[in-house]
Structures are given as structure tokens and as C-alpha cells.
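Following: one structure in C-alpha cells, then a few remarks.
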Number of protein chains: 2
Amino acid sequence: MSNQGYHVAVVGATGAVGQQMLKTLQERNFPISKLSLLASARSAGKTVTFKGETYTLQEAVPEAFEGVDVALFSAGGAISQRLAPEAVKRGAIVIDNTSAFRMTENVPLVVPEVNEKDLLDHQGIIANPNCSTIQMVVALQPLHEQYGLKKVVVSTYQAVSGAGAQAINELKTQAAAILEEKPFTPNILPCASDEKHYQIAFNAVPQIDKFQENGYTFEEMKMINETKKIMHMPHLEVAATCVRLPIETGHSESVYVELEKGHASVKDVQQLLASSEGITLQDDPSSQIYPMPADAVGKNDVFVGRIRKDLDRENAFHLWVVSDNLLKGAAWNSVQIAESLVKLGLLN
Amino acid sequence: MSNQGYHVAVVGATGAVGQQMLKTLQERNFPISKLSLLASARSAGKTVTFKGETYTLQEAVPEAFEGVDVALFSAGGAISQRLAPEAVKRGAIVIDNTSAFRMTENVPLVVPEVNEKDLLDHQGIIANPNCSTIQMVVALQPLHEQYGLKKVVVSTYQAVSGAGAQAINELKTQAAAILEEKPFTPNILPCASDEKHYQIAFNAVPQIDKFQENGYTFEEMKMINETKKIMHMPHLEVAATCVRLPIETGHSESVYVELEKGHASVKDVQQLLASSEGITLQDDPSSQIYPMPADAVGKNDVFVGRIRKDLDRENAFHLWVVSDNLLKGAAWNSVQIAESLVKLGLLN
């Protein structure tokens, strides 16, 4: 660390997540001595403001990582695959927000509230988990530590911003067209690179990312596999159904959990989660208090409410978990990893 | 039955469901000799068209049911409580779409695909189940008959039309205001008679109907209790989380089921459901074929897709179940009950 801070690079600075990364670095006052904003050749030359200064985007080429201490990647899996090793070769630690390295052995997949210590074993690349996974494991970890986790069944209610700025634009344009009874042609969602595209405004689309051979989508398998890796529970039972909805930002999750121990009350679970790092409890049915995506936008925490005991199984609970998918689900978790690296003395 | 058909009354003919009831009676060519359209004093005098004829709404008073053979009620629980017994007293069979009598002993709660025979024991009033319950039990019944049902965990994705025409208007007005960055004040959803109202456009609200003392909403308890009654399974494990979404019409449900028998394959379940009455299978991930509310609107069937085996429990499956909440969830199921009454010789 220089006296002034670290040389930070942000790759994909103009994207929905990249923009939030800059905002979060600024809000957290992360110690930055030099900031390199990198992008594809197409975006190079554009300007972006950070702490009142104007930065010109440079093309993300291997040489651009010379002297970089920490590089936050959020420009798609292909760019991470190609450039993250180049950044590491030049001495940077990479925090990668894509799915490129998440399941790679020796790449820590980190949610600081859950497995910060995994950072100690990094080999240059650290992976930021999938948005829908992050908010769920933040809520599950305290339950696991206190009662033991046996099974998790999650159904998601995901916002379009998880699919990028183009998807936000598609939702808004489409909603306006439908309200004005004008024609429209879906061409981004559910998955830009897939063959068919469907209406998202005023609809629910049970597909996020591409289908795998087992009938689950890649998003669903990400939730399943990443949760096991982050929580160090290869045998945890996890099942997911992921659904895209006409919401701009803020993912919600209906989570059913079976615990190993069966004596917890709703109040026990409420108190446990309320006192856990990174969680805000919003759970008072008598006053209609529960988490909603519209309230979570712009906030770093994971919001939990609607905590109910299963009516049949003594050891089972239902939770409703909401978070800003661009912040805790992406930008904030990445910056938080960078803060953890500083705290653990791993950045120098 | 007169030569020409039955004297049919529709109570609440101007509501979101009442309008669909008239449309469905017309489409099904239900044998009607006389049609009485009844409404509150406020709506009396309005006119409605049916099969090209103009009808003037009469006030729903006890005497209006003289001579009526079958009365379809959909004007709120209070009106059903007061007038359904009056209609029965005058010889009518009542098919009630409200929650007023659903859990009353000796009142059959009927989804024809599941428990048509319960109609044989009616005592004048027949209850039409809650929209979100109906579509779920249509999908569950074949599984129950073939494999036995042990546990059901459902998370719903419910459209605003379930809360009536005012809620549809609120969604549209609010969505337009948000797109135009204008202010708005929620005042219907999630529950008109509750204290607080929340944004529904571009949001997810985990409250449908009022909260009960156990922390579940009334909608959730309706799904739990009605499912047990319809399926004659008082000990079936059912849990529900009900969520209102910015969708005009069409409810979706993410359903996790544990079966008694553990040998079924995905293909077995697909074939079973595809050949079951009232179900259309839409399940081909390789071609991005799955049910969506926007496709289900205006159709009577229940659409099932995304059928997956749980990755951990041999006897568990995940389903995605979609239906038009105003049709199979309300109007069509009511008219279908009327058709069953005719078929079983119970209307005369």
C-alpha cells in the first residue's frame, strides 16, 4: 500500500454492476491511490466521473494491469477468462464478479459474512458469487451455525437488472408499450444468447440463464453448487427454482429450510438473524412489516422477514429474503471482499 | 330444467370475476332459460350485454332469487353470507366464489377434476375454492392418485386481478407514474381493508389478504386448509408463501412435492400430467417451453412445466404451475361446477 492507498482497476465500469462498484468504492471511501477504469475497445474513450474527477476509460488489455493492486472484474465471463490471469501475472488480486472461476478449485468463492477466512488461501483470483446465492447464504449461515442445516428449497423472485442495463431498458420500454397498447418485440430476456425471447413486463418467466441437461437452469445450478462451496457443505440438500419478474432491482427469495435441531421458535430465529452481521430483520406481520425489493434498493444489507415455523415439521422454517442484487448481490460484496483483503493484510 | 334450460343468477356481474362468468357461460353455451344479473344497490340499473341482449342489473335482494335454479355468487363474502341462504331457501343451488362458506362443514368445496363427487352431498351451497388453491390441486391430484402425496411446499407468484378490478387499475396507473417519474400513492394493495398500502408496480409484496395470528396470511391458510379439504387429506403436509406481483392476470406457483412412492421419473410425471383432465403440459427446456402467465390468460386449463426431480430426495419433485386466476381460479371453475351439477342430475 502506498501512503495514499491502492491502485484499483474496475473492468466493465460502464455496466449496471460497474457503475454500482464505483458508487460503492466512493461511499465506503476505499483507500485508492490510483484508479484505472477499463472496458472493451467499444467503450474505451468514454468518460466516467469518480469523486468529482473525470476518468477516461482505457481498453482492457493485459498491459493495463501493470501496477494494479486489486482489480474488480464485471464485464462478462469471457473477458474474465482472458484477462484475470493476465492481471494476476502482473501482481494484482482479482475479484471477479462473473461465473468464470466460481467453481474452480483453489479459487475462493467468498461472502465475507460467511467465509471470509477462505480469502487466506487465494491464489490471485477471488470469485464473487451469483447475486441470488449471496443473499441466501447470508441468511442461512447463522441458522447453520446455531441449528445445523439439512435441506433448503428456494424459489426466487429476480429483478431484470441481474441481466444488465439492456434488460432494464427492455422492461421499461415493454411496460410502456403494453400500457399504451402498442406492439413490442422481446429481444433480450430471459437470456440474451438464447434462441427465444419472451415478454417480461407484467409476466413471470421461469428461466434465468440457459437450461442444463438435467432440466435445471444454470442460475438454479449456480445457487445449488455455490451455496455448497461457500458454506463448505458439499452434502447440504439445496434445490432452486429461479424466476425472472418485472422488477427493476431487488431480488426476493422464498426459502424453506429444514434444520438439524428442532427446538427453535420463530422468536429465536428472529433474534438470531437480527443480531447477525449484514442482516436487517423486517418481520412484524401485525404492522405489515416485511421486506420488499422496492425498499431494499440502494441498501447494502440483506433483509429478512415473514419468518414462520412450518406447520407440520418441527424443525422447518419459512423465510422471505430480499436484497439489492446490484449491491450485496454484486458491487457491495466485491468491495466488501476488497475491504476484507485489506483487513486481513492480504493487499500490499 | 325447462325445455330451454335453467334460470341462472349471477351476483356481482360487473366485477372482474363476474364479467368472466358471463363470458364463460356464453362460451360454454350453458343452457340458460332466464338470466338474472344481480348487484349491489350502487350498481343496480347499470346494463350488461349477454349473447347480444342487454340486461339491466337488479339489486340483489332475497326476492330476486325466486325461481332461480342456480346462482353464481362473486360479490364479496358479506353479500354471500347474507344472501346465499336466502337463495337456497327459495330453491336455488348456490355456487359461491367467496371464502364465506369454504371451510363450513357440509359445504362441498369443489374442483371438478379432483372431487366432483362431493357435489352429491350438497345442501344448497357449494363453495368455489380460492384461485391459488384450485390450480395447485389440479396438478397435485394425479400425483396423489399415482404416487401418494406426503408434503407440499408452494411459493406463489400472484396477479393483481385476484384483488379485483380496482387493483388492476392501481397496477396500471402506478406503473405509468413510475415510468414517467411522477409521484403516486398506493391505496388498494396489498389488502384494501388493511392499514398500510404498498407500491405494487415493479415490486414484490409478500402479503395477500390479512395476517393471521400464526404469522401466515389468510391467503396462505386458505391454500393450506382448502387443499386438505378438497383432496380429503386432513393430514397432508402443506405450507404456502403467497406473494403479489406486478402481473395483471395469471397466477404462477413454484411447487415442491414429496411423494410417498419414490420411483417416478420426470418422464413418468410428465406423461401422467399430460394425460390428466384440465392440464396442459408445457415442458420442454431444450426449446425453452414452459408455462408463463402472459400465455395462460384467457385459457381454461392449468399449465404445468419445469418438472424436475429433486437432486437430493428420490421421492421429491419441483413443478411450475400457471393458470388464469379469473378463469380456472374463479369463473371457469364455478361454471364447471354448474356443468357438473347438470351432468350429475342435481339441477332440475
Side-chain angles (χ1 to χ4, degrees), chain A residues 151 153-155 157 159 171-172 175-176 179 190-191 194-196 198-199 201-207 211-212 214-217 220 224 237-239 241 243 245-248 250 252 254 256 266 285-288 290-295 305-313 316 318 320 322, chain B residues 151 153 155 157 159 171-172 175-176 179 190-191 194-196 198-199 201-207 211-212 214-217 220 224 237-239 241 243 245-248 250 252 254 256 266 283 285-288 290-295 305-313 316 318 320 322:
Chain A
K151 185 173 188 75
V153 178
V154 57
S155 297
Y157 300 68
L171 168 61
K172 290 184 174 174
L179 290 171
C191 180
D194 229 339
E195 200 185 334
K196 295 178 186 166
Y198 297 124
Q199 174 187 334
F202 306 106
N203 199 13
V205 182
Q207 181 194 352
F211 279 99
Q212 312 295 290
N214 65 356
Y216 286 76
T217 59
E220 289 158 357
I224 292 165
E237 297 184 20
V238 191
T241 299
V243 182
L245 291 170
I247 296 167
E248 184 175 331
S252 306
S254 172
Y256 166 77
V266 167
S286 68
S287 306
Q288 293 178 266
Y290 38 71
M292 290 182 283
D295 292 340
R306 300 290 335 268
I307 299 170
R308 286 152 293 150
K309 224 182 163 82
D310 192 68
L311 298 173
D312 301 295
R313 295 193 183 168
H318 302 269
W320 176 251
V322 178
Chain B
K151 185 172 189 74
V153 178
S155 298
Y157 300 69
L171 168 61
K172 289 182 176 176
L179 291 171
C191 180
D194 229 338
E195 202 185 333
K196 295 178 186 167
Y198 298 124
Q199 173 187 335
F202 306 106
N203 199 14
V205 182
Q207 181 194 350
F211 280 98
Q212 312 296 290
N214 65 357
Y216 286 76
T217 60
E220 289 158 358
I224 292 165
E237 297 184 22
V238 191
T241 299
V243 182
L245 292 170
I247 297 166
E248 183 174 332
S252 307
S254 171
Y256 166 78
V266 166
D283 195 14
S286 68
S287 307
Q288 294 178 266
Y290 37 71
M292 291 183 282
D295 291 340
R306 299 289 337 266
I307 299 170
R308 286 153 292 151
K309 221 179 167 84
D310 191 66
L311 298 175
D312 302 295
R313 293 191 184 170
H318 302 269
W320 177 251
V322 178

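Chain identifiers are assigned alphabetically (A, B, ...) following the order of the sequence lines, protein sequences preceding nucleic acid strands; residue numbering begins at 1 within each chain. Quick caveat: nothing in here was measured; it's all calculated off a predicted structure.
- Looking at A:Thr241, the atoms closer than 4.5 Å to chain B (heavy atoms on both sides) sit in the backbone and in the side chain alike.
- Contacts between A:Ile224 and chain B at a heavy-atom distance below 4.5 Å involve the side chain alone, from C-beta outward.
- For B:Ser155, the parts lying under 4.5 angstrom from a heavy atom of chain A are both the backbone and the side chain.
- Interface remark: B:Ser286 contributes no atoms to any contact with chain A (heavy atom separation under 4.5 Å).
- In this structure, chain A has a heavy atom under 4.5 Å from the side chain of B:Leu171, while its backbone stays farther away.
- The shortest non-hydrogen separation linking B:Arg306 to A:Gly215 is NH2-O, 3.1 Å.
- Between B:Glu220 and A:His318 there is no side-chain heavy-atom pair separated by less than 4.5 Å.
- Partners of A:Gln288 under the side chain to side chain contact (heavy atoms under 4.5 Å, CB included) rule, at least two apart in sequence or in another chain, are A:Tyr290, B:Pro190, B:Asp194, B:Glu195, B:Lys196, B:Tyr198, B:Gln207.
- Scanning both residues, B:Ala294 and A:Gln199, for their nearest heavy atoms gives CB-OE1, 3.9 Å.
- Evaluation of the side chain to side chain contact (heavy atoms under 4.5 Å, CB included) rule for A:Lys151 yields A:Val153, A:Glu237, A:Glu258, B:Tyr256, B:Asp310, B:Asp312, B:Arg313 as partners, not counting sequence neighbours.
- Proximity to chain B is limited to the backbone of A:Val238, based on heavy atoms less than 4.5 angstrom apart.
- Heavy atoms of A:Phe211 lying under 4.5 Å from chain B belong exclusively to its side chain.
- Put simply, the side chain of A:Arg308 does not reach to within 4.5 Å of the side chain of B:Asn214, judged on heavy atoms.
- Of the listed residues (A:Thr217, A:Val266, A:Val243), the greatest number of heavy-atom pairs within a distance under 4.5 Å of chain B belongs to A:Val243.
- Of the listed residues (A:Pro291, A:Pro206, A:Gly250, A:Ala159), the greatest number of heavy-atom pairs within a distance under 4.5 Å of chain B belongs to A:Pro206.
- Contacts of A:Leu311 with chain B are made by both backbone and side-chain atoms, with heavy-atom separations under 4.5 Å.
- Between chain A and the residues B:Ile247, B:Leu245, B:Asn203, the most heavy-atom pairs under 4.5 angstrom are made by B:Asn203.
- Here A:Pro246 is the residue among A:Pro246, A:Ala239, A:Ala175, A:Ala201 with the most heavy-atom pairs under 4.5 Å with chain B.
- Per-residue counts of heavy-atom pairs under 4.5 Å with chain A were compared for B:Ala176, B:Ser287, B:Ala204, B:Ser254; the largest is that of B:Ala204.
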